[in-house]
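Read the structure below first, then the notes.
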Amino acid sequence: VIQSKPGLFNKQKPPPEYYMLDPGPPGEFTGLEHGVAIGIGPYFVSPHLTRLQIVTRESDTRLKVSEAHQWAAPLKDSIYRVIAINLAKELNTNRIYEVPSRQKRTLAFRVGIDILRLEGQLGGDVELLARWIISSGDGKKELVSKISHFLESTRIDDYDAYVEAQSRALTALSKEIAAAMKTKMK
């Protein structure tokens, strides 16, 4: 007869902790539609980031995928939400739409975004590398094209600080896009 210690083979992993990107302080979006109409899309998120587990960088060539720390929603959707809310705040509009859309909308601008990197080291910096294009509302005329790079310190070695740094980097990207768009509104 083989006896084992109680629980030796029945160890259950604790449930994962779930995180959301934070778009910052809320803006005023209620009421009748107002402001410039902006379409966001197409947008791309690098495939290594499109998983529920939070990805951190251990070295230039090695990533860590955490089972214990996961996104509460798909990261691609959360990135869209943070950028849309921040563009709305910066441009004083509540007319931000994902494109393509089932509904036909007349847009003043479209913003296409490729998120190439949005990771870093716990306790170090989060790096955001993004390519973005502002075009006319019909998408036929390119107005601004840029590659942006942001580093945000996580300040401490934990996942809350890491996700906050990612949120700040996306907010900085949103502000840069909004500033470029403002120059085309004049």
Side-chain angles (χ1 to χ4, degrees), residues 16-24 27 38-91 95-103 105 107 109-122 124-135 137 139 142-154 158-181:
E17 294 182 28
Y18 293 98
Y19 298 82
M20 290 283 296
L21 292 171
D22 179 16
I38 300 165
I40 299 176
Y43 60 102
F44 166 84
V45 177
S46 189
H48 73 278
L49 297 170
T50 57
R51 56 183 62 244
L52 287 178
Q53 302 90 347
I54 294 179
V55 175
T56 57
R57 190 165 284 283
E58 291 192 335
S59 72
D60 288 342
T61 59
R62 190 173 54 231
L63 300 174
K64 180 180 178 186
V65 177
S66 177
E67 292 295 333
H69 304 276
Q70 299 185 15
W71 296 112
L75 184 59
K76 185 175 181 178
D77 296 344
S78 295
I79 289 170
Y80 167 81
R81 181 180 55 83
V82 168
I83 291 173
I85 289 171
N86 280 294
L87 284 178
K89 287 190 287 192
E90 290 295 316
L91 299 170
R95 299 178 65 209
I96 307 286
Y97 308 104
E98 185 174 0
V99 291
S101 172
R102 291 187 314 265
Q103 298 175 339
R105 303 261 185 205
L107 303 171
F109 299 101
R110 285 183 186 225
V111 181
I113 304 169
D114 292 342
I115 303 294
L116 305 172
R117 287 186 85 163
L118 182 60
E119 76 274 332
Q121 294 183 328
L122 294 176
D125 289 333
V126 164
E127 178 182 17
L128 169 60
L129 181 63
R131 177 187 308 117
W132 52 273
I133 297 171
I134 298 172
S135 59
E142 184 178 298
L143 305 173
V144 178
S145 178
K146 186 170 182 185
I147 297 176
S148 298
H149 184 248
F150 299 95
L151 291 175
E152 287 288 337
S153 173
T154 62
D158 77 4
Y159 281 88
D160 282 319
Y162 183 77
V163 172
E164 288 168 9
Q166 289 177 308
S167 299
R168 288 193 308 274
L170 288 165
T171 296
L173 174 63
S174 304
K175 288 181 177 185
E176 186 172 80
I177 293 169
M181 201 171 287

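As the structure is a prediction and not an experimental result, all values here were calculated from the model.
Between Glu119 and Tyr162, the shortest heavy-atom distance links the atoms CA-OH, 3.2 Å. Across all their heavy atoms, Ser46 and Leu116 have their closest contact at CB-O, 3.5 Å. Across Ala165 and Ser153, no two heavy atoms sit closer than the pair CB-O, 3.7 Å. For Leu143 against Ser135, the heavy-atom pair with the smallest separation is CD1-C, 3.9 Å. Nearest approach of Tyr159 to Ser66, heavy atoms of both residues: OH-CB, 3.5 Å. Nearest heavy-atom pair, Trp71 versus Tyr18, reported as atom, atom and distance to 0.1 Å: O-CD2, 3.7 Å.
The environment of CZ in Arg105 is crowded: more than 12 heavy-atom neighbours from other residues, nucleotides or ligands sit within 6.0 Å.
Tested against Ile177 for a side-chain contact (heavy atoms from CB on, under 4.5 Å), the candidates Ile38, Val111, Val144, Asn86 yield a single pass: Val111. The side-chain contact (heavy atoms from CB on, under 4.5 Å) test with Leu122 singles out one residue from Ile54, Thr154, Thr56, Asp158, and that residue is Thr56.
Between the side chain of Arg110 and the backbone N or O of Gly137, at least one donor-acceptor pair lies under 3.5 Å. Side chain of Lys146 to main chain of Glu176: no donor-acceptor pair is present (N/O by atom type, distance under 3.5 Å, no hydrogens or angles).
For the residue pair Glu152 and Gln166, no side-chain donor N or O sits within less than 3.5 Å of a side-chain acceptor on the partner.
Side chains of Arg81 and Pro23 form a contact here, defined as non-hydrogen atoms less than 4.5 Å apart. Contact of the Leu173 side chain with the Ile115 side chain is registered, since non-hydrogen atoms from C-beta on lie closer than 4.5 Å.
By the 30° and 60° cut-offs, the orientation of the rings of Tyr43 relative to Tyr80 is parallel.
No salt bridge links Arg57 with Glu127; every basic N to acidic carboxylate O contact stays at or beyond 4.0 Å.
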